[in-house]
Amino acid sequence: MTPDDAADGPTDRESPVGQPVVRGDPTFAGEHAQQAVQFDPDDPDSLGRAADIVERFADDSIGAADSVYMLRGAAACAALVRGEGSYKAAAERADEGVTVSFIRKWARVHDLPRPIRQYVATGDIAPTAAKHIARVTDRSRYLLAWAVLDGDLTVREVRSVASAINAGTDPEAVLDAHDVTLGEMTLRLPRETYTDLRRQAAREGVDPAVLVAEALDEQSTDPATAERY
C-alpha cells in the first residue's frame, strides 16, 4: 500500500469491510436487505465477485439511481482495496475502465460512519453528496451530513463546503456562509411529551432545548445505550 493509500485508509468504521450492516437491515434497505451481499477481502472468490460488481458499478449498470445498490458498489470497492492492498491495484483488478479516483471515492463512502450511511440508504442523503462528505474527516463528516439533512444543502453546495474544509477553513464558518445554522432542527413530539417538556422547562426556567440536550447527553453516556450512538 502506498503512502497516499494509507493516508486515505478507513475511518470511523467498526464493522468489517464488506459486511452489509446497513444494506442488510430492512429498516434502512427495505426489500433489498434480503439480497445484501457480503464481501470478504481474504477470499479470492469473494474478491472476484467484488471486482465484477465494481466493473458493473462503474458502468452504471447495477442500479445507479438506487442508494442501496450504490452502497453495495461502495462496499465492493472497499473490499477490493483491502484485498488488493491499494487503490491502484484494486482499479487494475476491476477493469481497465475503472479509475483509481473512482475506487477511492466509493471506498471512502463505505468507510463513512454507520449513522451517515443509514441516511444514504434511505435516500435522505444522496450518494453523490455522500462522496463529498467522505472527502472530509472526523467531526466534519457529521457536521456536513447533518447540514444536508437540516440545511437542505445541494450536492453542489456539499462539494463546495467539503473543498473549503479541506483547504483549512473552519467547518462552522463554511456552513454559516451557506446559511446553515448548526444545532438547529425542528422536532415533532407527541402531545403529552411536548406538554411535559414545556412544563419542565418552565419549572427550571430554561429553554426546552437545554432539557433535550441534557437528556440526550445522559443517554449517550449510559453504557446500556451508548452503543447506539
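Source: prediction; values computed, not measured. By convention here, the first residue in the shown sequence is residue 1. In what follows, every heavy atom counts, from backbone to side chain, and hydrogens, waters and symmetry copies are set aside.
Atom CZ of Arg191 is separated from atom OG1 of Thr195 by 9.0 Å, given to the nearest 0.5 angstrom. Expressed to the nearest 0.5 Å, how far CG of Leu153 lies from NE2 of His132 amounts to 12.0 Å. Going from atom CZ of Arg72 over to atom CZ of Phe57 covers 10.5 Å, rounded to the nearest 0.5 Å. Separating the CG atom in Asp176 from the CG atom in Asp179 is a distance of 7.5 Å, to the nearest 0.5 Å. A distance of 11.5 Å separates CG of Leu211 from CG of Asp196, quoted to the nearest 0.5 Å. How far CG of Leu143 is from CD of Glu172: 6.5 Å, rounded to the nearest 0.5 Å.
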| said: Does Glu214 form a side-chain contact (heavy atoms from CB on, under 4.5 Å) with Asp217? I'd like the steps, not just the answer. | reply: CA-CA 5 Å; Glu214 290 177 350; Asp217 285 342; 5.6 Å; no
| said: I'd like to know whether Val174 forms a side-chain contact (heavy atoms from CB on, under 4.5 Å) with Leu144, so could you lay out the CA-CA distance, the side-chain angles of the two residues, the decisive distance to 0.1 Å, and finally the verdict. | reply: CA-CA 10 Å; Val174 180; Leu144 189 48; over 6 Å; no
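Counting all heavy atoms, side chain and backbone alike, Ser140 lies closest to Ile165 at OG-CG2, 3.9 Å. Contact detail for Tyr142 and Pro113: the closest heavy-atom pair is OH-CB, 3.1 Å. Of all non-hydrogen atoms in Ala145 and Ile133, the two that sit nearest each other are CA-CD1, 3.8 Å. Leu47 and Pro41 make their closest contact through CD1-O, 3.4 Å (heavy atoms, listed as atom of the first residue, atom of the second, distance). Minimum heavy-atom separation, Ala130 to Ile125: N-CG2, 4.2 Å. When all heavy atoms are compared, the tightest approach of Asp207 to Ala201 is C-CB, 4.4 Å.
Asp52 and Arg56 are joined by a salt bridge, as a carboxylate oxygen and a charged side-chain nitrogen come within less than 4.0 angstrom of each other.
A 4.5 Å side-chain heavy-atom check between Val148 and Asp124 finds every atom pair outside the cut-off. Using a 4.5 Å cut-off on side-chain heavy atoms (C-beta onward), Val161 and Val136 make no contact. Put simply, the side chain of Arg93 does not reach to within 4.5 Å of the side chain of Val54, judged on heavy atoms. Between Glu184 and Asp150 the shortest side-chain heavy-atom distance does not fall below 4.5 Å. Side-chain contact check for Thr122 versus Gln118: every heavy-atom pair is 4.5 Å or farther apart. In this structure, the side chains of Trp146 and Pro115 come closer than 4.5 Å at one or more pairs of heavy atoms. Here the side chains of Tyr194 and Arg188 are not in contact, with every heavy-atom distance at 4.5 Å or above. Between Lys105 and Val109 the shortest side-chain heavy-atom distance does not fall below 4.5 Å.
Hydrophobic clustering (side-chain heavy atoms under 4.5 Å, transitive across Ile, Leu, Val, Met, Phe, Trp, Tyr) keeps Val155 apart from Val158.
With hydrogens and angles disregarded, a donor-acceptor distance shorter than 3.5 Å links the side chain of Asp40 to the backbone of Asp42. Looking at Ser160, its side chain never comes within 3.5 Å of a backbone N or O of Arg156 through a donor-acceptor pair. In this structure, Arg108 contributes its side chain and Lys131 its backbone to no donor-acceptor pair below 3.5 Å. Under a 3.5 Å cut-off, the side chain of His110 and the backbone N or O of Trp106 do not form any donor-acceptor pair.
Ser163 and Arg135 share a donor-acceptor pair across their side chains, judged by distance under 3.5 Å alone.
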